[in-house]
There are 2 protein chains.
Amino acid sequence: MAIPITMENISEIGKIVRFHRNAAGLSRIDLADIAGVGKTVIYDIEHGKRTVQLNTLFHLLSALNIRISFEGPIMHQYESQKDEKD
Amino acid sequence: MAIPITMENISEIGKIVRFHRNAAGLSRIDLADIAGVGKTVIYDIEHGKRTVQLNTLFHLLSALNIRISFEGPIMHQYESQKDEKD
DNA sequence: CGTTTTTTACCGCTATGACGGTAAAAAACG
DNA sequence: CGTTTTTTACCGTCATAGCGGTAAAAAACG
C-alpha cells in the first residue's frame, strides 16, 4: 500500500501524520519529543501546511515508521548510472 | 524503479534532480523558470541541502516528472478509514 | 586560442518557518 | 458534574530559506 502525493494533495500528508500519530497513541508533544522537532510544526502539518521543511518532515515520518520513495520514467537510467565506476 | 529516500540519504534527492535536469537538457535557470522557483534553491538542493521546503521541492519534481509516494505498515488502515462515510 | 555566450557559484536582503509559551478546549477522573 | 489532567490552538520572536544580482568558470563558437 503506497500513497502517491502530488502537488494538489500535499495536505494529505497532514492527515497521514495525524492518523499515524493517533494510531500510536501519541500526543503532539509526545511525537515532537520522539522526532526531535517542535510541537507547533506538527500542528501546522496536520493543518495542511505546504511549506514545511524536508528534514523536519523526515524526522516525523521516520518516527512514525513511514517511508518515502521517488519514481519516474527515467529513474532506472539514474540508478544504473550511479553504479558506474572509473 | 522506485528510489527510497531516508533521513541519511536526503542528499540523494539533489543527485536525482541534477540527473533529471541534465537529462532534459536544462540549465538551472531553465528549470527554475519552468518550475516557478528561484535558481538558487536548485543549486542548494543539488548540493545536498536538507532544509528545502516541501512545496518548493514538489514544484521541481513535478517539472521533472518525478512522483513521490508514502509507504508504511498501517497505511492500508489509513486508506480504508478514508473511504468510510456516515 | 581569443571572444562571445552560457552556465554555475556565491553574496546580502527580506519574508517567513520553527520554536517555546500560554490560553482555550477536551478528556479523565472521583 | 466540579476538579484535575491532558491535549490542542494560537501568539510573538528569532533564525534562516528563497530570492535576484553578479562574479567566476565552462562551453561554444569563428
Rounding to a whole Å, what distance do you find between [X]:[atom1] and [N]:[atom2]?
X       : N      : atom1 : atom2 : value
B/Lys49 : C/dC10 : NZ    : P     : 14 Å
A/Asp30 : D/dT6  : CG    : P     : 11 Å
A/Leu31 : D/dT8  : CG    : C1'   : 14 Å
B/Leu54 : C/dG17 : CG    : C1'   : 13 Å
B/Arg50 : D/dG18 : CZ    : C1'   : 19 Å
A/His47 : C/dA18 : NE2   : C1'   : 16 Å
B/Ile42 : C/dC10 : CD1   : P     : 17 Å
B/Gln53 : C/dT14 : CD    : C1'   : 14 Å

Sugar-phosphate, base or nothing in reach of A/Arg21, heavy atoms under 4.0 Å: sugar-phosphate

Phosphate-side-chain proximity, B/Arg28 and C/dA9, N/O vs OP1/OP2 below 4.0 Å: yes

Chi angles and distances behind the side chain to side chain contact (heavy atoms under 4.5 Å, CB included) call for B/Glu71, A/Ile66: CA-CA 6 Å; B/Glu71 278 184 274; A/Ile66 299 171; over 6 Å; no

Contiguous pairing runs of three or more, Watson-Crick or G-U under 3.5 Å, that involve DNA chain C: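 The stems are C:1-30 with D:1-30.
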
Shortest non-hydrogen contact from A/Lys49 toward A/Ile10: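 Here A/Lys49 and A/Ile10 meet closest at O-CG2, 4.5 Å.
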
Check against side chain to side chain contact (heavy atoms under 4.5 Å, CB included), B/Gln81 and A/Phe19: CA-CA 9 Å; B/Gln81 195 240 30; A/Phe19 177 85; 4.0 Å; yes

Under-4.0 Å salt bridge between A/Glu46 and A/Arg28: yes

Short side-chain to backbone donor-acceptor contact, A/Asp33 and A/Asp30, under 3.5 Å: no

Pick out the pairs of N or O atoms, protein on one side and nucleotides 19-22 of chain D on the other, that lie under 3.5 Å.
from, atom 1, to, atom 2, distance (Å)
D/dC19, OP1, B/Gly38, N, 3.1
D/dC19, OP2, B/Gly38, N, 2.6
D/dG20, N7, B/Lys39, NZ, 3.3
D/dG20, N7, B/Thr40, OG1, 3.4
D/dG20, O6, B/Thr40, OG1, 2.8
D/dG21, N7, B/Lys39, NZ, 3.0
D/dG21, O6, B/Lys39, NZ, 2.5

Side chain to side chain, A/Leu31 and A/Leu64, heavy atoms closer than 4.5 Å: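 Yes, at least one pair of side-chain atoms sits under 4.5 Å.
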
Side chains of A/Val52 and A/Asp44 in contact at under 4.5 Å (non-hydrogen atoms):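 Of all side-chain heavy-atom pairs linking A/Asp44 with A/Val52, none is under 4.5 Å.
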
First encountered from the 5' end of DNA chain C, between B/Gly25 and B/Tyr43: B/Gly25

Worked check of side chain to side chain contact (heavy atoms under 4.5 Å, CB included) between A/Leu54 and B/Ile13: CA-CA 11 Å; A/Leu54 201 62; B/Ile13 294 175; 3.5 Å; yes

A/Tyr78 and B/His20 aromatic ring geometry - parallel, tilted or perpendicular at 30°/60° bounds: tilted

